[in-house]
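Note sheet for the following structure.
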2 protein chains.
Amino acid sequence: MPLRGKTREQLLASAAGLFHRQGFAATGMAQILEHSGTGSGSLYHFFKNKEDLLQGVLEHYAQRFEVEIAAPARQHADPIERLFAILGFYQLMLEQTSCQLGCPIGNLAGELADSHDSVREGLARLFALWRSEIKACLDAAQDRLAHGTDTEALAMLVLSVMEGGVMQARVERSLRPFENSVAMLRDYLNRLQA
Amino acid sequence: MPLRGKTREQLLASAAGLFHRQGFAATGMAQILEHSGTGSGSLYHFFKNKEDLLQGVLEHYAQRFEVEIAAPARQHADPIERLFAILGFYQLMLEQTSCQLGCPIGNLAGELADSHDSVREGLARLFALWRSEIKACLDAAQDRLAHGTDTEALAMLVLSVMEGGVMQARVERSLRPFENSVAMLRDYLNRLQA
DNA sequence: GTCTATACTTTGATAGAC
DNA sequence: GTCTATCAAAGTATAGAC
């Protein structure tokens with residue numbers, strides 16, 4: 001089982017992009033084949049069906065989160081700035097796509113969370129990954145926060161603000177709902193530090 | 001054009017329920033026919049295609065928001081309690097469905113916001129409806145809030161918290177992400193009133 | 001591991017009688 | 001306004017040679 005094949009990577013990258021743009025059900029296997037430049041034989045050699053391919057995409061997202069978001073954000077020394085650096089990646093994504101696409105995890109969550117339980121579990125793992133990175137920032141800043149602040153609960157709020165902000169920005173085709181939501185969150189964190 | 005037909009209503013109710021549970025693309029016209037107990041002829045008499053049916057469902061949601069959520073919430077005299085009463089309807093929905101389903105608008109947003117522009121606009125109108133109701137609560141409480149509070153921006157935050165909280169609750173199959181997010185929001189509003 | 005051809009199902013939508 | 005029959009296209013997945 002050669003997990004290190006260029007074809008497999010191509011398949012995952014194409015599927016991830018198409019699922020992100022069009023959704024899972026609206027993306028056909030044929031379209032993935034065309035976009036990745038591979039044939040049906042290869043696809044079904046690596047993945048036993050469409051849902052299995054999706055699971056691969058979810059793993060792919062976990063790796064990309066670590067490399068493209070979590071690691072770069074850790075370069076910020078201040079933990080609160082680190083937290084907003086994480087949110088900043090989504091702001092950048094919105095800017096670069098004219099507020100289209102939205103969050104790849106959130107989109108799949110809305111479409112599939114109840115349909116396939118294994119997919120739901122995979123999405124839950126991804127959310128947990130984000131939250132634990134956010135919680136780590138908050139824990140590192142805990143001495144500055146109001147005594148008794150529940151950083152786990154606060155991390156859930158941060159993720160809610162991010163997902164809800166991205167969703168509104170996408171539907172509105174405007175950065176404002178995201179920017180405003182994040183600005184209010186920053187105001188809240190400021191008040192928690194007073 | 002008889003907008004008052006029982007068949008049309010049935011079709012909309014069935015489609016709304018199925019889209020909510022399974023998503024748009026994953027729901028077949030045949031399934032809607034079966035669930036509503038109508039025939040293909042009736043469906044295509046009232047709606048010219050699947051997307052047109054979806055537009056009907058979006059209007060249906062706008063009416064239900066007014067009747068089932070906005071109007072009942074207005075019975076709370078205190079505007080801040082009125083706001084949390086609106087969020088309370090989603091908490092109730094999560095409780096009654098074991099945290100399945102999620103927000104019908106948010107789910108469709110994640111799946112379809114970029115595919116059909118007219119759908120995106122319909123979803124934007126629905127979000128605007130929610131936000132204006134929330135903003136009205138905040139405006140009514142403005143004298144209690146910190147001077148210069150941007151109630152429009154704050155309303156966006158409230159909607160972000162709601163959508164993000166529901167999304168996490170659904171993926172996690174637990175009420176906690178929603179409860180925690182809303183609790184933190186309440187703490188923020190309390191601090192804005194200090 | 002990849003290719004080509006294809007089996008089989010379901011899809012959204014239409015036609016025409018009533 | 002509703003019924004039944006049906007179409008053409010697209011869907012996922014498989015078979016078997018190379």
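In this text the structure is predicted, and so the values were computed from the model without any measurement. Chain identifiers are assigned alphabetically (A, B, ...) following the order of the sequence lines, protein sequences preceding nucleic acid strands; residue numbering begins at 1 within each chain.
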Could you check if a side-chain atom of H20(A) sits within less than 4.5 angstrom of a side-chain atom of Y61(A), using non-hydrogen atoms only?
yes
Just how far, in rounded Å, is [atom2] of [N] from [atom1] of [X]?
X	N	atom1	atom2	answer
L43(B)	dT11(C)	CG	P	14 Å
E34(A)	dC3(C)	CD	C1'	17 Å
M29(B)	dC7(D)	CE	C1'	16 Å
L33(A)	dA13(D)	CG	C1'	11 Å
Q31(B)	dG12(C)	CD	C1'	14 Å
L54(B)	dG12(C)	CG	P	13 Å
F47(B)	dG12(C)	CZ	P	15 Å
L53(B)	dT11(C)	CG	P	15 Å

Checking R120(A) side chain against L112(A) main chain: does a donor-acceptor pair fall under 3.5 Å?
no
Q193(A) side chain to L189(A) main-chain N or O, any donor-acceptor pair under 3.5 Å?
yes
Between [options], which one does the side chain of [X] approach most closely?
X	options	value
S42(B)	dT2(C), dG12(C), dT2(D)	dT2(D)
K50(B)	dA13(C), dT2(C), dT12(D)	dA13(C)
H45(B)	dA13(C), dT2(D), dT2(C)	dT2(D)

Do other residues, nucleotides or ligands put more than 12 heavy atoms under 6.0 Å from E68(B) CD?
yes
Decide if atom CD of E66(A) counts as having more than 12 heavy atoms of other residues, nucleotides or ligands within a radius under 6.0 Å.
yes
Under 4.0 Å, heavy atoms only, any strand: does G41(A) hit a base, just the sugar-phosphate, or nothing?
base
Across the strands shown, which category fits S40(B) at heavy-atom distances under 4.0 angstrom: base, sugar-phosphate, nothing?
base
For Y44(A) and A26(A), take the nucleotide of DNA chain D holding the closest heavy atom to each; which residue's nucleotide lies nearer the 5' end?
A26(A)
